[in-house]
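To start, the structure itself, in structure tokens.
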Amino acid sequence: MAYGWHADTTMLTHFLRRNAMETCGVRMVTGEILGARRDENGMLTALRTTRGDLTADFFLDCTGSDSLVLAGILGEPFTGAADRLLADSTLSLTLPHDSELHGVEPHTTATAVAHGWTWRRPLVGRQGAGLVYASALTTPGEAARSLRRALGLPHDRAEPTPTALRVGHTRRAWVKNCVALGEAAWFADPLADDQRVTLDLLDRLIRDFPSLDTREAAASRFNRAAADHYRAALDLARLRFAGSPRTDASFWTTQGALPLPAELHAVVEAHRAGLSVTPNEAPLRTLLTALTPHTAAPPPALIHHPHALRTAEDHFARIKRHQRVLGETLPDAHTYLARLHARAPHTPRGNSTITAMWTGGDLP
């Protein structure tokens with residue numbers, strides 16, 4: 001897909017839960033995990049909860065950073081990444097937003113500030129916002145003041161919600177007959193595309209769902225995929241900080257001084273030299289282009305193909321014309337979302353160019 005949604009996670013959760021219970025026969029039991037029962041091979045046979053024992057042949061740990069089953073019961077070790085990423089805390093809040101008056105931005109805005117970086121994520125009728133920072137360098141009070149200042153909020157505005165980030169990964173995501181997903185297995189950065197990764201791993205799990213005889217092969221393959229996703233997210237986060245032009249605050253200078261691995265240095269050098277982009281490098285090179293747009297040399301091969309420059313210039317001119325036509329004819333994000341939900345806006349709004357296909361709306 002060439003676009004994405006800013007989904008209302010509460011509404012999406014309720015929709016998926018209702019759909020699973022009404023159409024797939026899923027039974028929901030609410031309670032707290034007290035422990036587990038295991039067989040002679042260490043396989044889970046039941047979870048002991050405040051609502052009684054829940055027996056199953058296979059278990060998914062979706063308990064977030066607590067990792068109650070994988071780490072808490074099965075004891076899978078966790079490796080932190082504090083030596084590579086300083087940001088380990090967030091403050092978040094929800095702000096009211098008059099979508100009809102001010103529109104809906106079709107993208108998330110991330111801004112580097114002195115103590116870390118802030119985000120604004122638009123939804124219809126409100127915005128999610130927050131600050132990511134390093135607790136070793138900034139106190140919660142300083143972080144709250146920095147967030148309010150960045151958002152233009154008064155000092156007496158409602159207190160933001162603090163969250164401690166567990167940055168790092170468990171040694172394996174699939175242990176015995178338990179698979180951990182999301183933050184129960186690993187976490188690298190709030191900007192990481194965790195939802196897409198979770199869906200990708202779920203798809204792999206479903207396609208390779210094992211029998212008792214094939215469990216080890218499926219688990220090994222799954223764990224390699226989970227480790228690859230974690231390394232990719234960690235590399236992207238490290239490069240985001242290393243590529244930032246900010247050098248005026250301790251957060252950025254301290255993070256920037258942390259050494260990069262040889263593999264990331266090679267990507268940076270390839271970018272500066274204008275070398276061709278490999279599939280694995282694409283996200284990293286895209287990030288470098290956005291953060292440091294004037295540091296890359298033209299591809300060396302263009303010296304031997306002068307006609308390619310003329311062809312490219314013509315192609316980009318066509319893209320620019322097409323973009324202008326779309327900007328003059330397409331509805332803005334708020335109007336589009338209102339039509340999508342069959343809610344016409346009270347007042348018409350002007351058109352706007354859509355250069356990034358990110359729409360901010362609630363799922364039906």
Side-chain angles (χ1 to χ4, degrees), residues 1-5 7 9 12-13 15-17 19-21 23-28 36 41-45 47 54 56-79 81 165-238 263 277-284 286-287 363:
M1 297 174 64
Y3 63 90
W5 295 96
T9 54
L12 177 60
T13 299
F15 168 76
L16 294 175
R17 180 186 299 156
N19 187 64
M21 294 174 65
T23 65
C24 302
V26 172
R27 181 170 62 97
M28 184 178 72
N41 297 315
M43 305 286 277
L44 297 171
T45 59
L47 292 179
L54 301 177
D57 297 318
F58 200 85
F59 296 82
L60 295 181
D61 186 348
C62 303
T63 58
S65 59
D66 292 332
S67 192
L68 296 177
V69 182
L70 187 73
I73 293 174
L74 296 176
E76 188 66 9
F78 179 83
T79 301
L165 305 178
R166 190 183 73 144
V167 181
H169 69 103
T170 54
R171 184 177 58 185
R172 295 170 297 176
W174 184 335
V175 178
K176 301 293 184 181
N177 57 336
C178 174
V179 168
L181 294 171
E183 291 185 40
W186 62 266
F187 179 82
D189 182 73
L191 281 181
D193 195 0
D194 296 338
Q195 291 82 6
R196 182 191 62 81
V197 170
T198 298
L199 290 175
D200 179 77
L201 291 174
L202 268 176
D203 178 73
R204 182 179 297 274
L205 175 62
I206 293 170
R207 291 175 184 275
D208 294 340
F209 203 80
S211 65
L212 292 177
D213 297 331
T214 63
R215 182 182 61 80
E216 291 299 330
S220 295
R221 188 182 190 192
F222 185 93
N223 286 330
R224 287 194 299 271
D228 288 343
H229 279 303
Y230 169 70
R231 283 192 294 269
L234 188 65
D235 284 347
L236 199 64
R238 296 175 73 179
E263 295 83 359
V277 180
T278 66
N280 290 338
E281 291 178 351
L284 301 170
T286 300
L287 176 64
L363 292 181

Set out, in order, the CA-CA distance, both residues' side-chain angles and the distance that settles side chain to side chain contact (heavy atoms under 4.5 Å, CB included) for Arg221 and Asp208, then state yes or no. CA-CA 9 Å; Arg221 188 182 190 192; Asp208 294 340; 3.0 Å; yes
Side chains of Asp235 and Pro283, heavy atoms from C-beta outward: is any pair under 4.5 Å? no
One thing to verify: whether Arg207 and Asp203 come together as a salt bridge, which I'm taking to mean a side-chain N less than 4.0 angstrom from a carboxylate O. yes
Ring-plane angle category for Trp186 and Tyr230, please: parallel below 30°, perpendicular beyond 60°, tilted otherwise. perpendicular
For a 4.5 angstrom cut-off between non-hydrogen side-chain atoms, does Leu47 reach Ile73? yes
Give, for atom CZ of Phe78 and atom OG of Ser65, the distance between the pair rounded to the nearest 0.5 Å. 9.0 Å
Heavy-atom closest pair (Phe58 atom, Leu60 atom, distance to 0.1 Å) is CE2-CD2, 4.1 Å
Going from CG on Leu201 to CZ on Arg196, what distance comes out if it is rounded to the nearest 0.5 angstrom? 9.5 Å
Residues Val167 and Ala188: closest non-hydrogen pair is CG1-O, 3.8 Å
Check whether any side-chain heavy atom of Arg215 lies under 4.5 Å from a side-chain heavy atom of Trp174, and answer yes or no. yes
Rounded to the nearest 0.5 Å, the SG atom of Cys24 sits from the CG atom of Leu16 at a distance of 10.0 Å
Heavy-atom side-chain contact between Leu74 and Leu44 under 4.5 Å: yes
Walk me through whether Asp228 and Arg231 qualify under side chain to side chain contact (heavy atoms under 4.5 Å, CB included). CA-CA 5 Å; Asp228 288 343; Arg231 283 192 294 269; 2.3 Å; yes
As an exercise, state the distance from CZ of Arg204 to CG of Leu199, rounded to the nearest 0.5 Å. 13.5 Å
State which residue, out of Leu181, Leu70, Leu68, fulfils the side chain to side chain contact (heavy atoms under 4.5 Å, CB included) condition with Thr63. Leu68
I'd like to know whether Phe222 forms a side chain to side chain contact (heavy atoms under 4.5 Å, CB included) with Leu205, so could you lay out the CA-CA distance, the side-chain angles of the two residues, the decisive distance to 0.1 Å, and finally the verdict. CA-CA 7 Å; Phe222 185 93; Leu205 175 62; 4.1 Å; yes
Are the side chain of Arg166 and the backbone N or O of Glu183 linked by a donor-acceptor pair below 3.5 Å? yes
Between Glu76 and Arg172, does any side-chain N to carboxylate O distance fall below 4.0 Å? yes
With no hydrogens and no angle check, is any side-chain donor or acceptor of Asp61 less than 3.5 Å from a backbone partner on Ala184? no
Decide if atom CG of Asp57 counts as having more than 12 heavy atoms of other residues, nucleotides or ligands within a radius under 6.0 Å. no
